[in-house]
Amino acid sequence: MKFSGSHILSISQFDRGDIERVFEVADRMEPYAHRQRVTKVLDGAILGNMFFEPSTRTRVSFGCAFNLLGGEVRETTGFETSAIAKGESLYDTARVLSGYSDVIVMRHPVSGSVAEFAAASRVPVMNGGDGANEHPSQALLDLYTIRKELQHQGRSDLDGLRIAMIGDLKYGRTVHSLCKLLCLYRNVTVVLISPTELQMPGAIVEQLRSAGHTVVESDVMEGSISKVDIAYSTRIQEERFADRAEADLYRGRYRLNQAIYTRNCEPNTVIMHPLPRDSRSEANELDNDLNDNPNLAIFRQADNGVLVRMALFALILDVVDQVDKNARDVNWYTERRF
Ligand code: NCD
């Protein structure tokens, strides 16, 4: 794909070469994200960060990524404080905000809304999550993390990957985008573990099978997570249910802790989660007793989000080759972070 000036709305836009390009640029962002070097390549540029659903990581890491490239961030969070609460259309908001920004990241509860917004925008728009549909930057950082974790184990190839996805696969947009991304690779085994009512949408299962992948569906976690390289846990997407009581039917169904891990997983199985993990006792999908497990990659995964989002901004705003020019070393305390 041509990155320069493009919207990033869906994983379907990417081919395998594009993914390699994003990862290669993400690697080059490490000195900046890891606070060794400072660059001002986006000095003067403005990111409009528009989040109409709760977010910590995605909103802050997009903002940090832009700041780390030297740009400024303007934000709106929630409908209550936005003119959408006064009845403004997505079209009008897009026309206006794209006059104030050089690039926009948007999260919205309605599937397809970010694409609708992008169609009216005068600047590139990135999908920070549209309802239960897609979360492309998360899938990219997830695959980037998988690749890095496997490289750490001495494996260089994503082909032949074995991954279990656990939890709310019906409403979880991160796993939807991740499955689409895995379709670009070869000979992947995808174990889909969810309550029957929250299974992965049939169209995505079909896409995986058409890509030649092995798909196994189960409603039981123990046993199904043996023989996988990656165990990717997800949260019950409470906000997509009619009410809390309905979400409670599924909350806590799959709990991974150290004992279950030791009993079922291979010694190197990497544990991932897009976060936030629901740590309330009634859910506790990834127990805190995993925190010292070296294969718990969830915080490395969140750190990687900054690298991948910096790469996307650098590619879309076409500054990749200028990042290292005029860079300097940092001059503040930066020990022990990464
Ligand atoms: C995810 C999301 O918003 O889809 N969070 C994130 O962006 N890292 C997953 C979730 O909220 O459960």
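In listed order, ligands and their atoms are each counted from 1.
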Taking atom types as modelled, is there a side-chain donor on Tyr261 or Asn295 under 3.5 Å from an acceptor on the other?
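Asn295 and Tyr261 do have a side-chain donor-acceptor pair below 3.5 Å.
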What do we get for Glu53 next to ligand 1 when only non-hydrogen atoms under 4.0 Å count, side chain, backbone, both or neither?
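Glu53 to ligand 1: no contact under 4.0 Å from either part.
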Please state which part of Pro276 comes within less than 4.0 Å of ligand 1, counting heavy atoms only: side chain, backbone, both or neither.
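Under 4.0 Å from ligand 1, Pro276 contributes side-chain atoms alone.
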Proximal atoms of ligand 1 relative to Thr58 (non-hydrogen, under 4.0 Å)
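Those atoms are 6 (C), 7 (O), 8 (N).
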Go through ligand 1 atom by atom and flag the ones less than 4.0 Å from a non-hydrogen atom of His135.
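Near His135, the atoms of ligand 1 are 2 (C), 4 (O), 6 (C), 7 (O).
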Please state which option from Arg173, Gln301, Arg235 has its nearest heavy atom closest to atom 3 (O) of ligand 1.
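The option holding the nearest heavy atom is Arg173.
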Going by the closest heavy atom to atom 6 (C) of ligand 1, which one wins out of Asp168, Asp278, Leu275?
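Looking at heavy atoms only, Leu275 sits closest to atom 6 (C) of ligand 1.
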Any nitrogen or oxygen of Gln138, main chain or side chain, under 3.5 Å from a nitrogen or oxygen of ligand 1?
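Yes, there is a polar N/O contact under 3.5 Å.
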Below 3.5 angstrom, do we get any N/O pair linking Arg57 and ligand 1?
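There is no such contact.
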Would you mind checking if Arg173 and Asp130 are paired as a salt bridge, meaning a charged N to carboxylate O distance below 4.0 Å?
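Not counted as a salt bridge, because no side-chain N and carboxylate O are separated by less than 4.0 Å.
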Whether Asp92 and Lys86 form a salt bridge (side-chain N of Lys/Arg under 4.0 Å from carboxylate O of Asp/Glu) is what I want to check.
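No, this pair does not count.
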Would you verify whether the NZ or CZ of Arg107 falls within 45 degrees of the ring axis of Phe51 while also being under 6.0 Å from that six-membered ring's centre?
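So Arg107 doesn't make the cation-pi contact.
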Applying the salt bridge (charged side-chain N to carboxylate O under 4.0 Å, His left out) test to Asp278, which of Arg255, Arg251, Arg253 qualifies?
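It is Arg251, the one option of Arg255, Arg251, Arg253 that forms the salt bridge (charged side-chain N to carboxylate O under 4.0 Å, His left out) with Asp278.
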In this structure, which one of Asn291, Asp289, Asn293, Asp287 forms a side chain to side chain donor-acceptor pair (under 3.5 Å) with Gln258?
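So the option named by the test is Asn293.
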